[in-house]
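For this chain, numbers begin at 1 and follow the sequence in order.
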Amino acid sequence: MHMSKILNCLLCTVIIFLLCLVWIIYCLRDVTLAFALSAIVALASCYLIFRSLSKLENGRKLKQAKKSNIASLSEYLRFNENNAELFADMLRYYRFDVEAVDYDNLIVTKNNLTSYVALLFSQDSLSREELSKTVVSAKRKKCTKLYLFANKVDGALVRLADKYLHTVSVDIANTYALLENCDKLPTLPKKSQKKSSIVASYAFNRRRFGWYFVSALFMLAVSVIAYFPWYTLCWATVFFAVALYCLLNTRYNTPPTNITLD
C-alpha cells in the first residue's frame, strides 16, 4: 500500500479515536473506560480501513472500467463496417461452422442444426419491425434457430419471435463477456470522462480535507466547554465524515490530465 494510504489510514484512526473518546465520556461519564473502548474501536477501525480500502478501490475501478468498455463496445459495433467478420471468429471459437450472409448476418451450423445469427447494433434497442424482418430472413434461409445480438433486447419481443422460431437473445453485456472469454475483443476507443460539477469538485476535492479535518478538531475542542456538547459533537462528526470523503473519493480527485507516459 502506498505511503499516502497509510497516512490516510492513521489520520482517520486518530479522529475516530477522538470522536469515540468524547462521545463515550459524555455518555458513560467514565474516562478510563472511554479511553479503553475508544482505543479498541480505533484499532479495529484502523485494521478494517487498512485491509479494505485498497480492495474496495480496486473493485470499484474494475467495475467502472468494465462498464466503460461495454459502452465502448456498443459504440464500436454501431459504427463498425463488418461486424460479421468479428463474430465469425468468435463463433468458430465456440465450434460453430460459419457462413457469412452479409456484414450483419451469419448462418452457423453446429450438431447438424442450422442457426441464423443477426447482429443488430445499429439502434439502442431492438425494434419490432427489425425483429420481424430478421425472423422472416431466418425462416427463408431454412434455419431452425435464431440468435439475436443487440445492444438491448425486450423480453416480450423475444417471446413473440420465439412463437415462430426458436430465439435466443444476447445483449451487449453478455456479448462483451463472450468476446472477452475467447479473447476476440476488438481494440476499443477510450471514452472521455465526464466532468464533475465545479462546485462539487471544489467542495469535495482532497485539498479541502485539511479544512474539514481542522473544523472537526475545533468542534471537538469546543464540545469540552460548550453548554450544549451534543450539538458541537454532531457537527464534529459531520465535518469528519466530509473530510474522510474528500480524502478517499476518486470522483472529485481525478488527475488534471488523461495523458500518460507509459
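Of all the heavy atoms in A100 and L106, the pair that sits closest is CA-CD2, 3.7 Å. Across every non-hydrogen atom of I24 and S38, the tightest pair is CD1-OG, 3.8 Å. Shortest non-hydrogen contact noted between M90 and C182 is CG-SG, 3.6 Å. Nearest approach of V153 to S169, heavy atoms of both residues: CG1-CB, 3.7 Å. Across every non-hydrogen atom of T134 and E130, the tightest pair is OG1-O, 2.8 Å. Nearest heavy atom pair, residue L157 against residue S127, reads CD1-C, 4.1 Å.
Between K145 and D162, none of the side-chain N atoms (NZ, or NE/NH1/NH2) sits under 4.0 Å from a carboxylate O, so this pair counts as no salt bridge.
Looking at N181 and Y94, their side chains do bring a donor and an acceptor atom within 3.5 Å of each other. Side-chain contact check for T237 and W23: at least one donor-acceptor pair (N or O, by modelled atom type) lies under 3.5 Å.
The distance from atom CZ of F240 to atom CD1 of I16, rounded to the nearest 0.5 Å, is 4.5 Å. In this structure, the separation between CG on L73 and OG on S68 is 11.5 Å, given to the nearest 0.5 Å. With rounding to the nearest 0.5 angstrom, the CZ atom of F96 is 9.5 Å from the CG atom of L113. Atom OG of residue S74 and atom CG of residue N69 lie 12.5 Å apart, to the nearest 0.5 angstrom. We find the CG-OG distance between L146 and S137 to be 9.5 Å, quoted to the nearest 0.5 Å. If you take CZ on F121 and CG on L119, they are separated by 6.0 Å, rounding to the nearest 0.5 Å.
At least one test fails for K141 against the ring of Y116: distance under 6.0 Å to the centre or angle within 45° of the axis.
Counting only distance, with no hydrogens or angles, the side chain of N83 and the backbone of L77 share a donor-acceptor pair below 3.5 Å. Of the possible polar contacts, none joining the T109 side chain to the N112 backbone as a donor-acceptor pair under 3.5 Å is found. Under the 3.5 Å distance criterion, the side-chain polar atoms of D154 are matched with a main-chain donor or acceptor of A156. Between the side chain of T167 and the main chain of L165, a donor-acceptor pair closer than 3.5 Å is present. The closest donor-acceptor contact from the side chain of T144 to the backbone of T114 lies under 3.5 Å. A donor-acceptor pair under 3.5 Å is formed between the side chain of N151 and the backbone N or O of Q123.
Contact annotation: the side chain of R92 approaches that of D89 to within less than 4.5 Å [non-hydrogen atoms, C-beta and beyond]. Side chains of P186 and L86 form a contact here, defined as non-hydrogen atoms less than 4.5 Å apart. The side-chain heavy atoms of F149 and L178, taken from C-beta on, include a pair separated by under 4.5 Å. You'll find the side chain of L179 reaches within 4.5 Å of the side chain of K184, heavy atoms only.
L120 and V168 fall into different hydrophobic clusters, defined by Ile, Leu, Val, Met, Phe, Trp and Tyr side-chain heavy atoms under 4.5 Å apart, directly or through other members. Under a hydrophobic clustering in which Ile, Leu, Val, Met, Phe, Trp and Tyr are joined whenever their side-chain heavy atoms come within less than 4.5 Å, directly or via other members, Y147 and Y103 fall into different clusters. Taking hydrophobic clusters as Ile, Leu, Val, Met, Phe, Trp and Tyr residues chained together by side-chain heavy-atom distances below 4.5 Å, I107 does not share a cluster with V170. Linking ILVMFWY side-chain heavy atoms closer than 4.5 Å, directly or via other members, places F87 and V101 in two distinct hydrophobic clusters. Hydrophobic clustering, with ILVMFWY side chains joined whenever heavy atoms are under 4.5 angstrom apart, groups Y176 together with L91.
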Taking it one step at a time, do F17 and V41 satisfy side-chain contact (heavy atoms from CB on, under 4.5 Å)?
CA-CA 7 Å; F17 172 80; V41 172; over 6 Å; no
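Annotation for D183: atom CG does not count as buried by contact number, only 12 or fewer foreign heavy atoms lying within 6.0 Å. Counting non-hydrogen atoms of neighbouring residues, nucleotides and ligands closer than 6.0 angstrom, the CZ atom of R78 exceeds 12 such neighbours. Residue K110 places its NZ atom among more than 12 non-hydrogen atoms of other residues, nucleotides or ligands, all under 6.0 Å distant.
Ring pair F239/W211 is perpendicular by interplanar angle, where above 60° counts as perpendicular and below 30° as parallel.
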